[in-house]
Amino acid sequence: MRPERGPSGPLSSLSKGVLRASFFAPALGLLLFLVIIPVAETIFISFFSPNGSFVGLQNYRDVVTSTDTIDLRDSRIPFGTAIHNLLWVLIHLPLSLSSGMFLAVILQRVRGSSIVKSMIFLGMVTPLIVGGVFLRFLFDEKAGIVPAVFRFLGVTALARQWTAFPDTLLFGVILGSVWLWTGFSLIVYSAGLTTIPKDYFDAAKIDGASSWQTFRRVTWPLLRPMTLVVVTMTVLWELKIFDIVVTAAGTQGGVGGAADVLGLQMFRYFVNQQYNKAAVVATLLTITTILLGLWTLRKMVPGLGTGRKGGSLRSRVARRVASLFAGIGAPIRSRLRSIRWPEIRRPRMPFRLRLPRRARTVLVHVVAWSIGLLWLVPFLGVLMASIRPFSEIVYGWWQPSPFTASADHFEQVWNHPTYPLSSGFRNSFIVAIPSTLIPMFVASVAAYGFARFRFPMRDYLFLSIVVLMAVPQQMVAVPIFLQMNSLGLLDNHLSLILVHSAWGLPWILLFMRNFFLTLPVEVEEAARVDGASDFKIFYRIVLPMALPALAAVTVLQFMWVWNDYFFALILISPFSDQQLATQLVPKLGIGQYNVDWGLLSAASLLVLLVPVLVYSLLQRFYIRGMVGWTIKG
Amino acid sequence: MGQAAPRAGRTLITALLVLVIAVLVTASAVYYGFPQKVQVPVQQLPACADGQPRDANFNCPAPVPLKVIGPWSAAEKDAFLPVLDLFRRETGISYAYATQRQEDLQQSLPLDFSAHRTPADVIFMPSSFVKQYGTQGHAVNLQGTIVEANYAPGALDPVKVGTSIYGGVYTGKVKPGFWYRHSFFAAHDLRPPTTWVEFTDLLAAIKPYVRNQAIISGDGVGWPLSDVTEHFIATYGGPSMHRQLTAGTLAWTSPSVKSIFTNYLVPTLEAGDWSAPREWTAGVTEWWNGDYGLYFMGSWITGMVPDPSDLGVFSLPGAPGPVGIVFGPDYFFVPTYSSKLAEAKQLAAFLAGTKAQTMQVRQGGHLATVTGVPITAYPVVDAGVARLLEGKEILSDLDDTIGGTFQTVFWSKLQLLWADPTQLDTVLADIEAAAP
């Protein structure tokens, strides 16, 4: 099915090879200099002592046997970073994935779904540098909504300061992160849903399939490439999880280390200049990511990897890896075509809700909008803190009296005499726009190559790039800083643009490649028969069809760059007028001995509004992309 | 309509590609520099200050100010700037001040130092950081710049290695004990305790009059809890125990140390006298509103309440011997890579002098570390706090002095102790494992 051997044009095989190599060159170049070489340095130093002598696996032994990593001495929580990360995967992944997919599916049929999606996406765009403000309005004994709800329900055991006790801290942070991360799976699945031809749903409907059957037999299988993206990215995020934990629990992981995670353990090594041990954690994270990612994906996508049997171990592994990451859209489509709807047996369900169509529509709308409003709750706290004096909301932002509202805090942060947020916004735009567009196009070109061209070691190369997503930023901080210093690019936006472009490539590549796999190859084959070159096919045919995915990439990459704090911290100095908005937020509200909740909340809201607006504006491209899809054939 | 979407898509993509190219061209221009039309020899003109190059019109740029990084923002910064203004008036050296959180600097400064750079000429950081990087050659030895005799004996020890002084001690905050409202105590006929039994009786007496526990446990990332613990140690273990623990010559698991916990702190935790750790800035409001009766906090609380004259404070009573009191100064240092070393040293000497510290304490909330600052310079409430130091041995903040991994472990394990006092043995064992 793949367009491997279309009618050859005037190009010789050599020039064709060169042309195809050019699909990969920009991405590989950026990755090589700004990710791969720094990462290689990281792995290298993990075998050395701080004074530079080779110590073999000693650093690994020290880290693995540390009670920070595994702590089973006492059953009352602290399990250690490795166990905590495992808990993250086991709890957070299914919750965020299923809730994102559920919302994406039901929001297809909801009026004003774009607004509801924007509400849910708010969690994703929260800059974690100010996440503490949000957590306060979630988990604080007096000002937090969660203990207040449990107090109302009479569950006094949970009507307490959630961050002060090991059990509630760990699970509170994980659940809070579901709130944050669901926006990601929602946006990916929403993009994926636009690629499913409406004909399939119509056919299923005509054949009498129920909503559940349609979801199980049509939507779910066709969303598997997107599931692959969500699972991979979520597992990677969970293994690297850092910001939210440090925000909620501090650098030691909170009460006795109850919420400590590997990313935080590595961060502590980094801050304490134990770079070798930090490198060990980063390397272990990468290896764990590969193993866990493969295992998870195999479980998630049964039936894959059932290709040829036998051969050497190496070839079997290679086939396994290739099958896990290879195209799965075509087999699913062919399987779909083979379905005879009347033969489908209705799933045995404990009960069946039989409601008139109108009542069902109302129910779906009520559920969708309720969830959307629920997602807004933490923001209401921040909004109240930004417009009301702190003394009015200290016992809960929902207290109606007294209510003194003003926009003073917003005005103060925007025109602050020392750290005007307006200039931070300008700088953030200067960095975020090119840092979104450059990797999007560079990665899309390469992703198309990975999706359509066949060449030796392709899957290994792809896997190697994807694995780079597992590397935490802190681990390459030193080499990147030195690189930029030698180039004279410190305090220069170009350094941030280059770094973000390179660091955005792996995930965009994975995302776009999997999206391209969901596109039909027939149109490309026809174009190839007509003599179109690979690049012309990509540019004229494939990219226009990829608008939904490009819009999703734009939103996510823009948001990540916009919210970045770490790279900005090390590459832009505190005196520079090039500082980004996220750099200015803590300076506006957090002092050594005082926190100005009003300024902090106002600055936080302003900063997160930009990605929300970008998301809202780009939603229409989903629709347009869907229109483009339906005219394909 | 069918053709509209691909066409729109192509148009969008073309526009975006053009934008990408424009960005790349601009970026390369920024990196490599825009071509200059005329190269004019300027050697015959006098050099600019700081050796800066002249601009295209042969003018010298404005002199680069002395850069200072401190942790103070908003009102705290406003209280510090008059000091820098005074320095500028006296020396004619202009300055620029930037706020930067110390936890952020802990990440970025090592990178700057590895590239032999510094973001500022004078930087405020914890003493453990100053000492660590000073010994590695990243901080200027200020011996001869800072007059040790101006301080109380031992004040510079946290930033001193041998005879080298890698930093200066600015003003500080004392952590004297439990704060209360005079009006609250008067309304309920309560009195500051003079013995341990009176203290526990006071806690019991407070409970009926507050909405929550008798004492609020302020929490940031664990540090107010560490202040409380240090206060118990410095009172019932004495200054020598505090110093030995700081130096790592006494084990946290030793019976003498453990007895401070089992005899004093843990019983009050188990009795429910303390709240669960709460965000400490909001805690000030809650305590002031009468949700709690007592608040252990540093002297900076005087600048955080609506009516400082209603504030009272007492230390833990009934000490068996000499009593120590923890004093937490702010430390600064001059990075080796400063391009304005002479001016930076001038500022260092100024900050370690009477004039600067007198100006700072006048703003409220700070206590001087150098001798010679008149008591009249303090606001009334701060003068009262300053008097609390009389007759007590001054101790450096234990976890600030040790720093590094110990500090965060210490904080985290104390949070665990507050959550579950029965885990005392595990807590002390883990703290000991991280101790120097």
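Computed from a prediction, not measured in an experiment: that's the story for all the values here. So that the names make sense, note that chain A is the first sequence line, chain B the second, and so on, each numbered from 1.
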Of the non-hydrogen atoms in Tyr97(B) and Phe575(A), which two are nearest, and what is the gap between them? C-CE2, 3.9 Å
Under 4.5 Å from a heavy atom of chain B, the part of Leu482(A) involved: side chain
Pick one of side chain, backbone, both or neither for Phe267(A), based on which atoms fall under 4.5 Å of a heavy atom in chain B. side chain
Hey, does Thr99(B) have a side-chain heavy atom less than 4.5 Å from the side chain of Pro574(A)? no
For chain A, which candidate among Gln106(B), Gln107(B), Glu103(B) shows the most heavy-atom pairs at distances under 4.5 Å? Gln107(B)
Given that the side chain runs from C-beta out, which part of Phe124(B) has a heavy atom under 4.5 Å from chain A: side chain, backbone, both or neither? neither
Should Trp597(A) and Thr281(B) count as side-chain neighbours, where that means a heavy-atom distance under 4.5 Å? yes
Under 4.5 Å heavy-atom distance to chain A, tell me which part of Ala120(B) shows up: side chain, backbone, both or neither. both
Measuring heavy-atom distances to chain B, does His416(A) have an atom under 4.5 Å in its side chain, in its backbone, in both, or in neither? side chain
For Ser412(B) and Gly257(A), the nearest pair of non-hydrogen atoms, with its separation, is OG-N, 3.1 Å
Quick one, Leu416(B) and Pro166(A) - any side-chain contact, counting heavy atoms below 4.5 Å? yes
Top contributor to chain A interface from Leu417(B), Asp291(B), Asn289(B) [non-hydrogen pairs under 4.5 Å]: Asp291(B)
A side-chain contact here means heavy atoms from C-beta on lying under 4.5 Å apart; do Leu569(A) and Gln100(B) qualify? yes
Restricting to non-hydrogen atoms, name the atom on Phe481(A) and the atom on Ala115(B) that form the minimum distance, rounded to 0.1 Å. CE2-CB, 3.4 Å
What I'd like to find out is whether the side chain of Lys142(A) reaches to under 4.5 Å of the side chain of Arg278(B), using heavy atoms alone. yes
Applying a strict 4.5 Å limit to non-hydrogen atoms, the region of Gln407(B) in contact with chain A is neither
Which one, Leu109(B), Asp112(B), Val427(B), leads in non-hydrogen pairs under 4.5 Å with chain A? Asp112(B)
Going from CD on Gln161(A) to CG on Asp219(B), what distance comes out if it is rounded to the nearest 0.5 angstrom? 8.0 Å
Winner by heavy-atom pair count (cut-off under 4.5 Å) against chain A, out of Ala276(B), Gly298(B), Gly365(B), Pro277(B): Pro277(B)
Side chain, backbone, both or neither: which part of Asn212(B) has an atom under 4.5 Å from a heavy atom of chain A? side chain
Please round to the nearest 0.5 Å and tell me the distance separating atom CZ of Phe165(A) and atom CD of Gln415(B). 11.5 Å
State, with a plain yes or no, whether a side-chain heavy atom of Arg117(B) is found less than 4.5 Å away from one of Leu490(A). yes
Check Arg101(B) against Tyr565(A) and note the closest heavy-atom contact, atom names and distance. NH2-OH, 3.8 Å
Check each atom of Ile541(A) against the heavy atoms of chain B and say whether the ones under 4.5 Å are side chain, backbone, both or neither. neither
Could you state the interatomic distance from CZ (Phe566(A)) to OG (Ser108(B)), rounded to the nearest 0.5 Å? 9.0 Å
Inter-residue atom distance Leu600(A).CG - Ser73(B).OG, 0.5 Å rounding: 9.5 Å
